[in-house]
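It should be emphasised that the depicted structure is a prediction, and the values quoted were computed from it without experimental measurement. Chain naming here is simple, since letters A, B, ... match the order of the sequence lines and numbering starts at 1 in each.
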Amino acid sequence: MTDQALITQFQNGDSKEGAFTQLLKRHQEPVFFQIKKMVIEHADADDIAQAVWIKVWNKLDGFKQESAFSTWLFRVAYNETLNFIAQKKRLQAQTKQNHQDHGLSHPSSHNTIKESDIQIKLERAIAELPEKQRFVFMLRYFDAFDYEKIASITGTTVGGAKSNYHQAVKKMTELIHNA
Amino acid sequence: MGLNDNMENESISKELEAALNSFKTKSNQVPEGYFDQFEVDVMQKIQANKSSQNKVTIISLFARHKKYLVAASLFFAIATGYLFYNSAENKTATMAQVDVIDIETLPDELIEAYVSNNELIAEVEWNSAIENAGTSISSTNN
């Protein structure tokens, strides 16, 4: 069944759970991995991903299918991820920790596998990116989303999404070579 | 070249590209069976939220619309009071309103009927007035 058919089935109240779990199984991995690239820690990504799907369950009755389900789903994931990062920053500021992780855990601090210097620099560079640029870069580079879809997800224009991507590439390049 | 083969990635150095690939590999690592358990965890939370949400929904509906309900009640009270007051005033005005009828327009039969109905009363009142004035007059209307 297509996403549209599953959503219609859900909205009609016809085997809601069955339709929902099919959507979840179909889309859970790309959404989870996008979130994990943003926050790195598996536990954090798990919390955010669960929140995303619970929100999808609660809001799916009102989804008008004006955009593709995956676009809407990633939009929910984008908002939840940014909210999580902002909340984490506030908590860190309150507890006066000295992390400069911008919402990410300290790169490689708990990783037992020896990582190359460049990888460590990359993770720090990614952590330095503003969240929106980071999200746009991940969607474009790793998931090959087109700019129209990215713009819909992040609530920006196509030009804005392109600019975010190029700025992200530029900053990462600078940070890796200068750090 | 990176995963996206568009020209825009020509600015990404091979060094950065390799690091990004390693980053992707690391990010995509999950515990075994994670996604199967994830589905179960999500559905359990949804079921748990369902029962508590039913009550909360009712409360939040009133809480959300409380100010509109208060405003509507106030408006209804004022409107009802105004209408009632207006209606009472109109009634009084209606009661106080007297239709003035021109006697020339009345039919003769109506006038004769009124006079004969009220003749006795008029005579009694007339005699009372005469008695009070201290004179007596005999009636010629026998």
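Side-chain contact between P31(B) and H42(A): present, with at least one pair of heavy atoms (C-beta onward) separated by less than 4.5 Å. Annotation: side chain of Q28(A) is not in contact with side chain of Y34(B) (no heavy-atom distance under 4.5 Å). Within the 4.5 Å cutoff, side-chain heavy atoms of Y141(A) are placed close to those of E17(B). Side-chain contact check for V42(B) versus F20(A): some heavy-atom pair is nearer than 4.5 Å. A 4.5 Å side-chain heavy-atom check between K24(B) and K37(A) finds at least one atom pair inside the cut-off. At a threshold of 4.5 Å between non-hydrogen side-chain atoms, the residues I12(B) and T173(A) do not count as touching.
Residue K55(A) qualifies as open at atom NZ: its count of foreign heavy atoms under 6.0 Å is 12 or below. K16(A) NZ: more than 12 foreign heavy atoms inside a 6.0 Å radius. Environment of CD in E32(B): sparse, with no more than 12 heavy atoms of neighbouring residues, nucleotides or ligands closer than 6.0 Å.
Taking the six-membered ring where tryptophan is involved, the planes of F23(B) and F142(A) are tilted, since the angle between them lies from 30° to 60°. Between F33(A) and F35(B), the two ring planes are perpendicular [angle over 60°; tilted spans 30° to 60°].
K50(B) NZ to W57(A) CH2: the interatomic distance, rounded to the nearest 0.5 Å, is 4.5 Å. For the atom pair CE of M138(A) and CG of L20(B), the computed distance is 8.0 Å after rounding to the nearest 0.5 Å. Between the CD atom of E123(A) and the OG atom of S27(B) there is a distance of 7.0 Å, given to the nearest 0.5 Å. If you take CD on Q119(A) and CG on N21(B), they are separated by 10.0 Å, rounding to the nearest 0.5 Å. Between atom CD1 of residue I118(A) and atom OG of residue S22(B) there is a gap of 10.0 Å, rounded to the nearest 0.5 Å.
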Report task. I would like to know whether E39(B) and W53(A) meet side-chain contact (heavy atoms from CB on, under 4.5 Å); could you show each step before the answer? Result -> CA-CA 9 Å; E39(B) 179 192 329; W53(A) 283 102; over 6 Å; no
Requested in this report: Take F38(B) and E29(A) through the test side-chain contact (heavy atoms from CB on, under 4.5 Å) and record every step on the way to the result.
Outcome: CA-CA 10 Å; F38(B) 179 82; E29(A) 289 191 27; over 6 Å; no
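Heavy atoms closer than 4.5 Å to chain B are found nowhere in K170(A), neither backbone nor side chain. Looking at A51(A), there are no atoms closer than 4.5 Å to chain B (heavy atoms on both sides), in backbone or side chain.
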